[in-house]
Amino acid sequence: MNKFLLFVASVLVAGSTFAQMPNGSTGPDFTSTDINGNTIQLYTDFLDQGIPVIMDVSATWCGPCWSFHESHAMKDLYMTYGAAGSNEIGVLFVEGDAATGLAELNGTGNTVGDWVTGTPYPILDDANIASLYQIAYYPTIYGICPDYTVYELGQGSAADLMNGLISNCSSVTAFTGSQDNAGVEDGVAKICIP
């Protein structure tokens with residue numbers, strides 16, 4: 001019986017040590033440089049302009065992270081509602097493990113794939129952000145509202161993530177998006193005229 005109580009107590013202590021940031025918490029501001037040399041400041045570039053952010057904090061070696069990445073939910077958001085679309089949602093990928101870096105993001109070393117090729121949104125290799133946002137596991141997908149509050153959205157489709165922002169951000173009621181009528185597939189430019 002004593003071993004069982006000791007086990008339960010250690011689980012409770014470990015759980016409190018590695019707790020995620022509670023929903024509704026104030027998300028800390030950060031300034032970081034993406035892998036292309038662009039400086040990103042969370043509050044100034046997005047939130048203070050009324051643009052909510054979806055931030056995927058992952059690790060290159062994480063299988064579930066790779067599966068979510070390969071679902072293209074973040075890419076779909078970025079192309080329709082992000083800077084490549086209507087610029088209504090900020091979309092960020094953060095590689096949160098300090099032990100991995102640019103080589104792993106590009107598909108060599110301790111990684112499950114090439115995270116860079118085909119990813120149009122900013123990639124930040126910054127474990128400090130993972131620490132600021134109290135990441136306890138990968139992937140963690142956060143929605144960050146213009147009032148700086150943070151909500152864990154979980155892995156979902158682009159529509160699920162967008163609806164998570166609408167549900168949690170009081171200043172956000174809908175997104176317009178943009179119609180993507182052009183693209184490159186297998187090296188061939190394609191245009192769709194509606």
Side-chain angles (χ1 to χ4, degrees), residues 23 27 29-58 64-96 105-107 113-126 129 133 139-194:
N23 283 339
D29 193 11
F30 60 80
T31 300
S32 187
T33 302
D34 73 10
I35 63 169
N36 295 315
N38 301 307
T39 301
I40 307 249
Q41 187 171 5
L42 178 66
Y43 284 12
T44 302
D45 294 340
F46 300 106
L47 305 181
D48 290 345
Q49 295 182 45
I51 300 171
V53 171
I54 294 184
M55 182 170 69
D56 172 5
V57 184
S58 289
C65 302
W66 180 250
S67 294
F68 178 65
H69 179 75
E70 286 292 287
S71 77
H72 300 291
M74 298 287 284
K75 183 177 182 178
D76 293 345
L77 275 172
Y78 182 79
M79 298 306 290
T80 304
Y81 304 101
S86 60
N87 205 27
E88 296 172 276
I89 298 175
V91 178
L92 300 173
F93 176 87
V94 176
E95 206 299 322
L105 283 165
N106 281 297
D114 178 351
W115 298 79
V116 175
T117 302
T119 302
Y121 47 90
I123 298 174
L124 306 169
D125 181 20
D126 194 336
I129 296 171
Y133 278 80
T140 298
I141 315 320
Y142 275 137
I144 310 170
C145 301
D147 66 0
Y148 308 153
T149 56
V150 175
Y151 297 89
E152 187 172 355
L153 300 178
Q155 300 173 58
S157 67
D160 292 337
L161 296 173
M162 181 185 65
N163 287 328
L165 288 177
I166 292 169
S167 297
N168 291 301
C169 300
S170 60
S171 63
V172 177
T173 57
F175 296 104
T176 306
S178 67
Q179 182 66 37
D180 182 13
N181 295 323
V184 177
E185 186 175 310
D186 297 324
V188 177
K190 297 183 178 186
I191 298 174
C192 175
I193 300 173

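Note that these values count all heavy atoms, side chains included, but never hydrogens, waters or copies made by symmetry.
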*Is the centre of the Y148 ring less than 6.0 Å from the centre of the Y43 ring?*
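Yes, they do, as the ring centres are separated by less than 6.0 Å.
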*asked:* Tell me whether E95 contacts the main-chain N or O of I123 through its side chain, where contact means a donor paired with an acceptor under 3.5 Å.
replied: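 Judged by distance alone, no pair lies under 3.5 Å.
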*So, Y142 side chain and Y133 main chain: donor-acceptor pair closer than 3.5 Å or not?*
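Such a contact is found between Y142 side chain and Y133 backbone.
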[atom1]/[X] to [atom2]/[Y] distance, rounded to the nearest 0.5 angstrom?
X    : Y    : atom1 : atom2 : value
M55  : L42  : CE    : CG    : 7.0 Å
C145 : N168 : SG    : CG    : 6.0 Å
S32  : D126 : OG    : CG    : 3.5 Å
I166 : T173 : CD1   : OG1   : 7.5 Å

*asked:* I'd like to check the ring pair (Phe, Tyr, Trp, His ring centres under 6.0 Å) partners of F30; sequence neighbours left out, ordered by chain and number.
replied: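 For F30, no residue satisfies ring pair (Phe, Tyr, Trp, His ring centres under 6.0 Å) once neighbours in sequence are set aside.
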*Using ring pair (Phe, Tyr, Trp, His ring centres under 6.0 Å) as the criterion, list what pairs up with F46, not counting sequence neighbours.*
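For F46 there are no ring pair (Phe, Tyr, Trp, His ring centres under 6.0 Å) partners, ignoring immediate neighbours.
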Partner set under side-chain contact (heavy atoms from CB on, under 4.5 Å) for [X], not counting sequence neighbours:
X    : result
D160 : S157
Q49  : I51
S170 : D147

Show the nearest heavy-atom pair for residues [X] and [Y], with the distance to one decimal.
X    : Y    : value
P146 : S171 : CG-OG, 3.7 Å
M79  : P120 : SD-CG, 3.8 Å
L47  : P52  : CD2-CA, 4.3 Å
L165 : I144 : CD2-N, 4.2 Å
N23  : Y151 : OD1-CA, 3.3 Å

*Using side chain to side chain contact (heavy atoms under 4.5 Å, CB included) as the criterion, point out the one residue from V116, N106, L124 that pairs with I35.*
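Answer after filtering V116, N106, L124: V116.
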Restricting to side chain to side chain donor-acceptor pair (under 3.5 Å), what partner residues turn up for [X], sequence neighbours left out?
X   : value
D34 : N38
T44 : Q41
D45 : none
T33 : none

*asked:* Apply side-chain contact (heavy atoms from CB on, under 4.5 Å) to residues W115 and H69 and explain how you reach the verdict.
replied: CA-CA 8 Å; W115 298 79; H69 179 75; 3.5 Å; yes
*Pair L153-I54, side-chain contact (heavy atoms from CB on, under 4.5 Å): steps then yes or no*: CA-CA 9 Å; L153 300 178; I54 294 184; 4.2 Å; yes
*Could you give me the CA-CA distance, side-chain angles and deciding distance for D56 and V94, then say whether side-chain contact (heavy atoms from CB on, under 4.5 Å) is met?*
CA-CA 6 Å; D56 172 5; V94 176; over 6 Å; no
*Within a strict 4.5 Å, meaning less than it, do heavy atoms of the S58 and F93 side chains meet?*
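In short, these two side chains touch, coming nearer than 4.5 Å.
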*Find out whether E152 and I141 are in side-chain contact, i.e. whether some heavy atom of one side chain is under 4.5 Å from a heavy atom of the other.*
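No - every pair of side-chain heavy atoms lies 4.5 Å or more apart.
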List the atom pairs, with distances to 0.1 Å, where a side-chain N or O of residues 70-77 and a protein N or O form a donor-acceptor pair under 3.5 Å, not counting sequence neighbours.
from : atom 1 : to   : atom 2 : distance (Å)
S71  : OG     : F68  : O      : 2.6
S71  : OG     : A73  : N      : 3.3
H72  : NE2    : E70  : O      : 3.4
K75  : NZ     : G118 : O      : 3.3

*asked:* Between I89 and V91, does the side-chain contact (heavy atoms from CB on, under 4.5 Å) criterion hold? Intermediate values first, please.
replied: CA-CA 6 Å; I89 298 175; V91 178; 4.2 Å; yes
